[in-house]
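The figures here come from the full heavy-atom set of this structure, side chains too, leaving out hydrogens, waters and symmetry mates. Letters A, B, ... are given to chains in the order of the sequence lines, protein chains preceding strands, and every chain is numbered from 1.
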Amino acid sequence: MALKVYNTVSGKKEDFKPLEEGKVKFYVCGVTVYDHCHIGHARSGIVFDTIYRYLKTKGYDVTFVKNFTDIDDKIIRKSLAENIPWQEVGEKYIKSYYEDMDALNILRPTHAPRATEHIGEMIELVNTLLKKGHGYIVDGDVYFSVDSFRGYGQLSKRSLDDMMAGARVEVDEKKKNPLDFALWKSSKEGEPSWDAPFGNGRPGWHLECSVMSTKYLGNPFDIHGGGKDLVFPHHENERAQTEAATGIKFVNYWIHNGFVNIDREKMSKSIGNTLLIKDFIKDYHPEVLRLFFLSTHYRSPIDYSEKSIEDANNVLHRLYYTQERALETQKGKTVNPARYPEADELQNKFYEAMDDDFNTALALSYIFELSKNINKMVDDKDEGLIPLIAYANAVFLSLSDTLGLLKDDPGALEAREKVHHLSRIGLDVSFVENTINERIEARKNKDYRKSDEIRAMLLEKGILLLDTPKGTEWRIKHIVP
RNA sequence: GGCGGCAUCGCCAAGUGGUAAGGCAACGGUCUGCAAAACCGUUAUUCUCCGGUUCAAAUCCGGAUGCCGCCUCCA
């Protein structure tokens, strides 16, 4: 099975061939730590986590680097606004970042370097660029000269002429070309600064990624990822300055994920429609977000809406119930799984889909099919099928795991959600149990009117009753708060 | 103004030359006191429109319309 990856540079799917057999060097632009993460960060995190997991599933030895940009204008602004040292701003939001990413079951990278730990290497890079004639100094600022690098614009597919015609670039008299970007910024009084041969100051954006990626992965390396918005200017500039300095190719495959809209509108701070990960997971299981994102191809934009999230929530729970039912059949028994060819076939299709530029939407459909198969066998209530169920369930869980899904224990998850839901509506478990017992009495007496009333009353509170052969069970039917 | 992307069932969504996956919703059935859950079945001769290439097009080319992104910090 050959993995194909869409490469932003060529605009095509390409066969993936790592530089070194069996190994993948993978870099993703992390966050600038000046605020809590929103669901846009979650999408990027989940997309690249899925890619990371899949590369490992395919047997690659992956070195995965995701950086923190812990020095920039926004951090300085935040530090002034909140009157705390800029270092503390970074610390605070790095902590917040890990809380969110861990909650979303996003695997930690091999290395998570911070910009401020690599200032020395950044200064070296600026020096090299100056020496090679790709940079120039004006009033203590150092700029990269885009005209000095022939390949400028190749990644974002635009020519310098096109961009000049765009005319939305602010004209800065200091720059030789309006598109030139800062490599080093002189600091004002009271701002963080580092000593450098070309003057005290701090690194420009882009520099940290050039330095940290090549430091931990070598030059060139295999995959560089990030949000679509980073194609220009961030990755274009990163590429230009790195290749200008080294004279060789920087990255083989560029991968970019699409954006998250909210109710068909771009999510942005100015519109005020950002949704924080922390707020989302107050209401939903974190895997709901993962399932939602993975049901659309990573390069397409995705529209967040309450309805879509409710759908994803229902689907996720259905998958957990499938697993629970499968485990139920094996309870108290020693089961030797027996090969179930249909599961193998679905597994192959799953891998084929993932090999085709990480088509998670298609891959998920095979998980649904597997879930259906398992439910069917459970419904049959045939003891002889149990080894097949065990086998299918193992495949089901392993495929889910490569997408980072179904990590929770179904029983524990259900119990947690029950407690959560009941506390939100101000009831407790004993109330539900007493009410259910009341209904059981009514049913015994064939008082179906009362029985149905009780059921309707509980449903209004988001509590769904199921009369199974084993008795009455209840579930939470998620109600949007 | 420049560059790029998208348009597939009521909704979400896969599908880049070989005759329309999947999910949600809806409807019918099995099961049930009735439901629910689960399963089975039904639901796009058709992929925004117009033209072209081809034996064959949702998929390629040209045009039109509509939506979106980037060009400024942004995942």
Side-chain angles (χ1 to χ4, degrees), chain A residues 8 11-13 28-32 34-35 37-48 72-74 77 153 156-159 161-170 179 205 225-234 236 256-261 264-270 274 291-292 295-297 299-303 305 307-315 317-319 321-322 325 349 353 356 359-369 371-380 443 446-449 451-452 455-456 459 464-469 472-475 477:
Chain A
T8 307
K12 290 187 192 111
K13 283 182 199 168
V28 172
C29 283
V31 290
T32 300
Y34 70 103
D35 208 344
C37 290
H38 55 239
I39 57 169
H41 297 107
R43 184 176 194 195
S44 175
I46 287 168
V47 163
F48 290 108
D72 97 327
D73 292 352
K74 294 185 294 293
R77 231 179 287 139
S156 53
K157 293 187 194 63
R158 48 188 107 190
S159 68
D161 291 344
D162 287 344
M163 285 185 272
M164 294 309 290
R168 277 188 61 190
V169 186
E170 78 180 81
L179 293 162
W205 188 34
K228 220 165 208 162
D229 56 321
L230 295 180
V231 175
F232 190 89
H234 184 54
E236 191 68 69
H256 295 95
N257 69 276
F259 262 45
V260 179
N261 294 324
R264 301 190 51 78
E265 203 171 22
K266 181 184 168 166
M267 183 173 68
S268 85
K269 292 200 173 171
S270 52
T274 52
L291 184 62
F292 169 62
S295 65
T296 295
H297 188 90
R299 278 187 279 120
S300 305
I302 193 167
D303 189 46
S305 69
K307 158 106 168 58
S308 306
I309 292 303
E310 276 300 308
D311 282 358
N313 184 57
N314 289 336
V315 171
H317 282 83
R318 204 191 68 219
L319 295 179
Y321 288 129
T322 299
R325 296 180 81 209
K349 284 182 171 174
D356 186 14
N359 192 338
T360 53
L362 187 59
L364 270 172
S365 75
Y366 301 124
I367 290 184
F368 297 153
E369 227 166 292
S371 156
K372 203 181 264 189
N373 281 337
I374 293 168
N375 276 315
K376 207 183 296 181
M377 288 193 281
V378 173
D379 273 357
D380 280 349
R443 290 182 77 212
K446 300 226 188 300
D447 184 355
Y448 292 121
R449 206 180 135 167
S451 152
D452 290 351
R455 186 170 61 198
L459 188 59
L464 177 73
L465 297 191
L466 292 83
D467 295 323
T468 75
T472 300
E473 291 172 8
W474 59 287
R475 290 180 182 177
K477 188 154 167 55

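- OP1 and OP2 of C70(B) both lie 4.0 Å or more from every side-chain N or O belonging to K228(A).
- Closest approach to the F232(A) side chain among C70(B), A75(B), G23(B) is made by C70(B) (side chain taken as heavy atoms from C-beta onward).
- Comparing A36(B), C39(B), A14(B) by their closest approach to the side chain of K372(A) singles out C39(B).
- Look at the C1' atom in both U43(B) and G29(B): the space between them is 15 Å, to the nearest Å.
- For C70(B), one of the phosphate oxygens OP1 or OP2 lies less than 4.0 angstrom from a side-chain nitrogen or oxygen of K266(A).
- When each of I39(A) and L364(A) is assigned the nucleotide of RNA chain B bearing its nearest heavy atom, the one mapping closer to the 5' terminus is L364(A).
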>> Applying salt bridge (charged side-chain N to carboxylate O under 4.0 Å, His left out) to D452(A) and R455(A), what does each step give before you reach the verdict?
In response: CA-CA 5 Å; D452(A) 290 351; R455(A) 186 170 61 198; 3.4 Å; yes
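- Comparing the P positions of C24(B) and C3(B) gives an interatomic distance of 43 Å, to the nearest angstrom.
- Using P as the reference atom, G22(B) and G62(B) are 33 Å apart when rounded to the nearest Å.
- Looking at heavy-atom distances under 4.0 Å, L466(A) makes contact with a base.
- When the side-chain nitrogen and oxygen atoms of R318(A) are compared with OP1 and OP2 of C24(B), one or more of them lie within a distance under 4.0 Å.
- With hydrogens and angles left out, the side-chain atoms of T8(A) and H256(A) include a donor and acceptor closer than 3.5 Å.
- Nucleotides C39(B) and A56(B) place their C1' atoms 39 Å apart, quoted to the nearest Å.
- For the P atoms, the distance from A44(B) to C11(B) is 15 Å, rounded to whole Å.
- Residue Y448(A) is in base contact, counting any heavy-atom pair closer than 4.0 Å across all strands shown.
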>> I'd like to know whether K376(A) forms a salt bridge (charged side-chain N to carboxylate O under 4.0 Å, His left out) with D380(A), so could you lay out the CA-CA distance, the side-chain angles of the two residues, the decisive distance to 0.1 Å, and finally the verdict.
In response: CA-CA 6 Å; K376(A) 207 183 296 181; D380(A) 280 349; over 6 Å; no
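- Base engagement by R455(A) is indicated by at least one non-hydrogen atom pair under 4.0 Å involving a base atom.
- Nucleic acid contact for V260(A): base, since at least one base atom lies under 4.0 Å from a heavy atom of the residue.
- Under the stacking criterion of a centre-to-centre distance below 5.5 angstrom and an interplanar angle below 30°, F368(A) is not stacked against the six-membered ring of G22(B).
- Between the side chain of T296(A) and the backbone N or O of F292(A), no donor-acceptor pair lies under 3.5 Å.
- Phosphate contact (OP1/OP2 of C39(B), side-chain N/O of N375(A), threshold under 4.0 Å): present.
- Of the possible donor and acceptor atoms, none in the side chain of R264(A) sits under 3.5 Å from a partner among the backbone N and O of D303(A).
- The phosphate of C34(B) has neither OP1 nor OP2 within less than 4.0 Å of any side-chain N or O from K446(A).
- When the P atom is used for both C49(B) and A58(B), the distance is 11 Å, rounded to whole Å.
- As rounded to the nearest Å, A36(B) and G69(B) have P atoms that lie 42 Å from one another.
- Heavy atoms of H38(A) sit under 4.0 angstrom from at least one base atom.
- Rounded to a whole angstrom, the distance from the P atom of A35(B) to that of A21(B) is 32 Å.
- Residue-level contact check: G40(A) touches the bases, meaning some heavy atom is under 4.0 Å from a base atom.
- Searching all strands for a Watson-Crick or G-U wobble partner of C6(B) with both distances below 3.5 Å returns G66(B).
- T296(A) comes within 4.0 angstrom of the backbone, heavy atoms only, and of no base.
- At a threshold of 4.0 angstrom between heavy atoms, the contacts of R475(A) are confined to the sugar-phosphate backbone, with no base atom among them.
- A heavy-atom distance below 4.5 Å is found between the side chains of R325(A) and D379(A).
- For R443(A), the listed nucleotide lying nearest its side chain is C34(B); candidates were A13(B), C34(B), C40(B).
- Set against C39(B), A75(B), A14(B), the side chain of D229(A) has A75(B) as its closest nucleotide.
- Looking at which nucleotide of RNA chain B each of K13(A) and V31(A) is closest to, the 5′-most match is held by K13(A).
- Using a 4.0 Å heavy-atom cutoff across all strands shown, S365(A) reaches at least one base atom of the nucleic acid.
- The residue S268(A) sits apart from the nucleic acid: no heavy atom pair falls under 4.0 Å.
- Note on Y366(A): nothing from the nucleic acid sits closer than 4.0 angstrom, heavy atoms only.
- The existence of a salt bridge linking K13(A) and D356(A) is confirmed by a sub-4.0 Å separation between a basic side-chain nitrogen and an acidic carboxylate oxygen.
- Side-chain N/O atoms of N359(A) include one lying less than 4.0 angstrom from OP1 or OP2 on G15(B).
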